[in-house]
Amino acid sequence: MTTYFAEHAQLPTGTATSVRLTATDGRISAIDLRARPQSEDIRLGGVVLPGMANGHSHAFHRALRGRTHGNGGNFWSWRDQMYAVTRRLNPDTYLALARAVFAEMALAGFTVVGEFHYLHHDVHGRRYEDPNAMGEALAEAADDVGIRLTLLDTCYLTGGLQADGHLPLDEVQQRFSDGSVDAWAERLTALKDNDNLRVGGAIHSVRAVPRESLGLVAEAARGRPLHAHVSEQPAENLACQMFYGATPTQLLHEAGALGEDFTAVHATHLTDDDIRLLGGTSTTACLCPTTERDLADGIGPARVLHDAGSPISLGSDENAVIDPFEELRGLEMHERLESGERGRFNTAELIAAASANGYRSLGWEGGGELRVGAPADFIAVTEDSVRTVGSRSEQIVYSATAADVTDVVVGGEEVVVEGHHRLGPTADLLREALGLLRDL
Ligand SMILES: [Zn+2]
């Protein structure tokens, strides 16, 4: 049993002061309001929030941060640069990079991450001796860091979609593919959940999984979280419409994929009918605002989706930015720019998007809220930095950044203390891991 004393804490009922949180066996076992600090309490200054959920990540994209802005371009030219990084990754370099990137996430206040993982095989597309060597590198990295991981093991079968049909895999994409849904499902079922790991499935996109295979993937992943990139780019919609005469959302609906266990990532370019299908099935929409603006994707219909019945979650996706507050504010601020209105999402809705909705979408039911019985995952945000000083405690999410997170607790244990991750200086971990990629 460990007790924490918080100056302020963001409870489901609102912001409370002088709160003692007791963690027993990884869960919150008691919350005492108007408590007095005891000598055994670990003191958390500032505002304590539920741990943040990173609903959608590709850890290795971190290698591109600050290196893709030289020549303009678009999503597709960025993708070519991203593919170049994959050539440098093997289970060892992937472990080092993921450990550093997950440490950066923990330092920023993320307590769980959904890793949308499609880098399965070696650079020639051959299975490693252990076919899950790359996924296990991610799991080991998350364990070392102390962040919860949902490994969204991704089915990837074709090289793209054009008006006349699916393209064969190119040289780089060979390593993404298992060749068939059965082979993918066999690899998936060899992975096992544990206290720190949930295994989910993913459909890379309707570009990479043809219509006849979508239902098979959904069936194989039944009972697990299932995610897919959906309508991030108009070009995907156009090709899908021309070849199938349907939108990506319609195809996924016909395949039986949509529902409470399903998360549509991005969901940027949707028709009214798509929004009805996603909302009507309580499908989560995971928006990735810092990525969507970086890649010039567009602004998704977040509030409309929410009102139609889709919980909204948030992800850092390409990891050009790792900051839960930036994602949370991006959700609201992009809506403001589009609508000419402020307060499109209220503060509780924004915190739910950054936390509880992501936990649920990643298969951690009950996580992301400071309530008895929930996983003991929470973070402390200082009110004394140049960014946050003077802000109201209950509005701290509008001024804080990742740099203002002082303490991070996962499963009742401190992973970050006073701004320091337990693995040591995170910038050094990143420098070392990125160096391995560039020197190869
Ligand atoms: Zn993605």
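For ligands, and for the atoms within them, numbers begin at 1 and follow the listed sequence. Quantities reported herein were computed from a predicted structural model and do not represent experimental measurements.
When the side chain to side chain contact (heavy atoms under 4.5 Å, CB included) test is applied to Ala376, the partners found at least two apart in sequence or on another chain are Ala23, Ile28, Phe378. Under the rule for a ring-ring contact (aromatic ring centres under 6.0 Å, His included), the partners of His306 that lie at least two apart in sequence or sit in another chain are Phe345. Annotation: ring-ring contact (aromatic ring centres under 6.0 Å, His included) contacts of Tyr128 (sequence neighbours excluded): none.
Taking the six-membered ring for Trp and thresholds of 30 and 60 degrees, Phe116 and His58 have ring planes more than 60 degrees apart, a perpendicular arrangement.
Checked against the 6.0 Å centroid criterion, the rings of His227 and His56 do not qualify as a close aromatic pair. Between His121 and Phe176, the gap from one ring centroid to the other reaches at least 6.0 Å.
Within the sub-2.8 Å shell of the Zn ion (ligand 1), the protein contributes these N/O/S atoms: His56 NE2, His58 NE2, His229 NE2, Asp317 OD1.
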